[in-house]
*Asks:* 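Pasting a structure here, questions to come.
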There are 2 protein chains.
Amino acid sequence: MKKTRNTRQRGIILDILRESHEHPTAEIIYRDARRVLPNISLGTVYRNLKLLVERGLIRELNGRGFGRYDGNLARHDHFTCQVCGQISDLAASEDRALHRRVAARTGFEISHHRMEFYGRCPSCRAKASSRARARKPRSRSPYTR
Amino acid sequence: MKKTRNTRQRGIILDILRESHEHPTAEIIYRDARRVLPNISLGTVYRNLKLLVERGLIRELNGRGFGRYDGNLARHDHFTCQVCGQISDLAASEDRALHRRVAARTGFEISHHRMEFYGRCPSCRAKASSRARARKPRSRSPYTR
DNA sequence: GTCCATGCAAATGCTTTGCAGCCAG
DNA sequence: CTGGCTGCAAAGCATTTGCATGGAC
């Protein structure tokens, strides 16, 4: 494995990720890092995020949208609220047993999985039901042949 | 829902997606479409992919990398080989029961999930074991505090 | 002192958009 | 006819990269 140096920039980026539960984007990490190191550049943030992912020190989420990162390495899943866009952590629902089952069925050797749930979070459900109104039936799509 | 017309371009893009099991990128769809409609533009491909996703006629994969699309709407998961990059379909491992369990535990209302497995496919496993050689112990990372 | 990492800015590459003409309904 | 669609090209934007300098070890 290539040799790396332990720079201030790198350390700060890791700190931000570990202290945040927000699954921040590169841009957000950049903004936060600038509060400590006003001269850090976006390029450096990207370079380090990439390196930290390769080293397995952080994870990259690829559910909704572009590059969001996660400093929480404990096995866990994610839930994305389709109304407000908030991403929450979920305790892992399953793991080894699931992997074994799928591997046995398919012949793939499974190292890990990524599971993302989508739906509505409690607070968006509440808001929605308070203004529950008009309901149109969904029409048949024209492309179904 | 907005009104849409049924154009040749749109139909061809849908056909390509439905006939392919390769989870093609926009670029690949564009290349294929040009064999039938040499003048179709990349912009049109993107516009239609977006529209078809909104209409629920295709799915967008967001596992590894950028925009890959899937014309197979049946509930299924994906497996990505980390060696060769190939993406395979897997029969869905679970669904309603899992959603109910997670919903009960968290209070989220779950509409669907996305599950991606990562590891090595049978053919890459075979290749790897035939040249199994040097094994270096992984060194401790310098960033673990 | 070495050579990896940084800052800065230019470059890339995927995706989106504005616009005038086109064509499905 | 009407207004959604298309091709084309320019624009957007997130991410990457080249280069000279700086700093970790």
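Keep in mind that this is a model prediction, so the values were computed, not measured. Chain letters run A, B, ... following the sequence lines, proteins first, then strands; residues in each count from 1.
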*Asks:* Rounded to 10°, tell me the angle between the two end axes of the helix from C:dG1-D:dC25 to C:dG25-D:dC1, each built from five pairs.
*Replies:*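 Inter-axis angle at the ends, rounded: 50°.
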*Asks:* Figure out the NZ/P separation between A:K50 and C:dT6, and round it to whole Å.
*Replies:*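 Taking atom P of C:dT6 as the reference, NZ of A:K50 is at 14 Å.
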*Asks:* Considering all heavy atoms of both residues, which atom of A:R5 and which atom of A:R10 are nearest to each other, and what is their separation?
*Replies:*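 Closest heavy-atom pair between A:R5 and A:R10: O-NH2, 2.9 Å.
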*Asks:* Could you run through nucleotides 19-25 of chain D and give me one letter per nucleotide, 5' to 3': B if any protein heavy atom sits under 4.0 Å from the base, S if only the sugar-phosphate is that close, - if neither?
*Replies:* ----BBS
*Asks:* From CD1 of B:I12 over to C1' of D:dC5, roughly how many Å is that when rounded to an integer?
*Replies:*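 It is 14 Å, rounded to the nearest whole Å.
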*Asks:* Would you tell me if any nitrogen or oxygen in the side chain of B:Q9 comes within less than 4.0 Å of OP1 or OP2 on C:dC23?
*Replies:*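 Negative; the distance criterion is not met.
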*Asks:* Side chains of residues 30-39 of chain B: which donor-acceptor partners sit under 3.5 Å, not counting sequence neighbours?
*Replies:*
| from | atom 1 | to | atom 2 | distance (Å) |
| --- | --- | --- | --- | --- |
| B:Y30 | OH | B:R34 | NH1 | 2.9 |

*Asks:* Who are the side-chain hydrogen bond (donor to acceptor under 3.5 Å, both in side chains) partners of A:S41, not counting sequence neighbours?
*Replies:*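 Only A:T44 meet the side-chain hydrogen bond (donor to acceptor under 3.5 Å, both in side chains) criterion with A:S41.
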*Asks:* What's the CZ-C1' distance between B:R10 and D:dG7, to the nearest Å?
*Replies:*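 Taking atom C1' of D:dG7 as the reference, CZ of B:R10 is at 15 Å.
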*Asks:* To the nearest Å, give me how far apart CG (B:L51) and P (C:dT17) are.
*Replies:*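 After rounding, the gap between these two atoms is 14 Å.
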*Asks:* Heavy atoms within less than 4.0 Å of DNA chain D: which residues of residues 27-46 of chain A have one? Give them sorted by number.
*Replies:*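 Per residue number, the list reads A:L42, A:G43, A:Y46.
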*Asks:* Return the value, rounded to whole Å, for the distance between atom CZ of B:R55 and atom P of D:dC5.
*Replies:*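 It is 8 Å, rounded to the nearest whole Å.
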*Asks:* Out of curiosity, does A:I13 fall in the hydrophobic cluster containing A:Y46 (side-chain heavy atoms, cut-off under 4.5 Å, transitive links)?
*Replies:*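 In one cluster with A:Y46: A:I13, yes.
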*Asks:* Between C:dT15 atom P and B:I13 atom CD1, what is the distance in whole Å?
*Replies:*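 Result: 13 Å.
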